[in-house]
Amino acid sequence: MVDLISVFKRYKHLTFQNRIHIFIRKITVPWDVILDNFPAGHTLIDVGCGHGLFINLLSSGRPGFKKYIGVDADADKIRVAQQIEDDNISFRHIDFFDLREAADVYSIFDVLYLIPYDVQDKIIKHIFQKLSPNGYLVIKEIGTEPCWKFNVNRFQETISVKLAGITLGEKFYFRSEEEFTSLLKDAGFMVKVMKIDKGYLHSHILYICRK
Ligand SMILES: C[S@@+](CC[C@H](N)C(=O)[O-])C[C@H]1O[C@@H](n2cnc3c(N)ncnc32)[C@H](O)[C@@H]1O
């Protein structure tokens with residue numbers, strides 16, 4: 001697993017606040033399990049990439065992709081991510097639907113819960129259409145069970161989104177594991193669901209979806 005010092009080193013200049021934010025994302029998400037189960041591919045598009053942590057980890061910890069593109073609605077986070085200088089990596093402050101490029105693997109980690117349900121549906125259908133056969137969409141979201149873990153997450157997100165304004169968003173649009181699974185299957189994907197929350201405070205669920 002890529003250590004925190006190596007993660008930080010790829011950014012030219014991080015403020016104290018950036019470091020704290022990236023540190024918290026790094027230790028609260030089971031990235032090693034995600035990386036171990038992440039499909040291989042040529043081009044990756046990470047939707048809602050934030051500070052670019054996942055692309056940072058994947059490109060240094062398990063390289064193989066030839067091109068990495070991160071998009072996010074938060075201009076400040078994209079400016080931080082753009083400090084990672086690598087010819088194969090680009091970060092854009094652009095609406096996902098305006099992105100011209102396509103990829104053979106898409107990732108969306110802890111983003112959909114900030115996006116209204118009807119737009120979540122559109123994003124998933126749009127990705128399915130853009131993917132070539134055998135392409136992948138990998139989603140990680142927080143599940144609604146067990147109740148105490150869900151409440152820990154809701155408390156933390158309320159502070160981060162509504163009080164501190166650290167994460168862009170207004171309301172929450174959580175879905176249960178069953179709802180996500182049927183949404184993804186209805187869009188046409190074959191779905192493998194993995195509960196990856198053992199030892200973590202949040203009920204992380206990984207959806208590995210193949211076209
Ligand atoms: C909890 S953070 C996760 C960031 C990153 N995926 C990670 O795993 O570290 C949620 C991200 O979703 C982004 N976001 C929220 N609404 C979005 C939208 N409509 N389009 C793109 N990104 C969005 C936020 O700006 C934020 O960076």
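Counting starts at 1 for both ligands and their atoms, following the listed order. Bear in mind the structure is a predicted one, so any value in this text is a computation, not a measurement.
- The ligand atoms of ligand 1 that sit less than 4.0 angstrom from a heavy atom of Asp110 are 1 (C), 2 (S), 3 (C), 10 (C).
- Taking a 4.0 Å cut-off on heavy atoms, Trp31 registers as neighbouring ligand 1.
- Here Tyr113 has side-chain heavy atoms under 4.0 Å from ligand 1, and that is the only part of it that gets that close.
- Only side-chain heavy atoms of Lys77 come within less than 4.0 Å of ligand 1; its backbone N, CA, C and O stay farther off.
- With hydrophobic clusters built from ILVMFWY side chains whose heavy atoms lie under 4.5 angstrom apart, Phe8 shares a cluster with Ile24.
- When heavy-atom distances to ligand 1 are checked against a 4.0 Å cut-off, Ile115 comes that close only through its side chain, counted from C-beta outward.
- Between His204 and Tyr200, the ring planes are perpendicular. Angles over 60° get that label, and only those under 30° would be called parallel.
- Here His126 and Phe96 bring their ring centres to under 6.0 angstrom of each other.
- The contact set between ligand 1 and Leu114, taken as ligand atoms under 4.0 Å from a residue heavy atom, comprises 10 (C), 12 (O), 15 (C).
- Distances from atom 6 (N) of ligand 1 to the heavy atoms of Gly52, Ala73, Gly48 show the closest one on Gly48.
- The ring pair (Phe, Tyr, Trp, His ring centres under 6.0 Å) test with Phe180 is passed by exactly one of Tyr117, Tyr173, Tyr207, Phe189: Tyr207.
- Both Ile55 and Phe23 are part of a single hydrophobic cluster, where members link through side-chain heavy atoms under 4.5 Å apart.
- Phe16 CZ: 12 or fewer foreign heavy atoms inside a 6.0 Å radius.
- In this view, Lys149 and Asp197 satisfy the salt bridge (Lys or Arg N to Asp or Glu O under 4.0 Å) rule, not counting sequence neighbours.
- Comparing heavy-atom distances from atom 24 (C) of ligand 1 across Leu57, Thr28, Asp72, Ile123 singles out Asp72 as nearest.
- Checking only distances, Phe109 does come within under 3.5 Å of ligand 1, N or O to N or O.
- With ligand atoms numbered from 1 in the order given, ligand 1 contributes 5 (C) to contacts under 4.0 Å with heavy atoms of Cys49.
- Each of the atoms 25 (O) of ligand 1 lies under 4.0 Å from some heavy atom of Asp74.
- For Glu179, there are no salt bridge (Lys or Arg N to Asp or Glu O under 4.0 Å) partners, not counting sequence neighbours.
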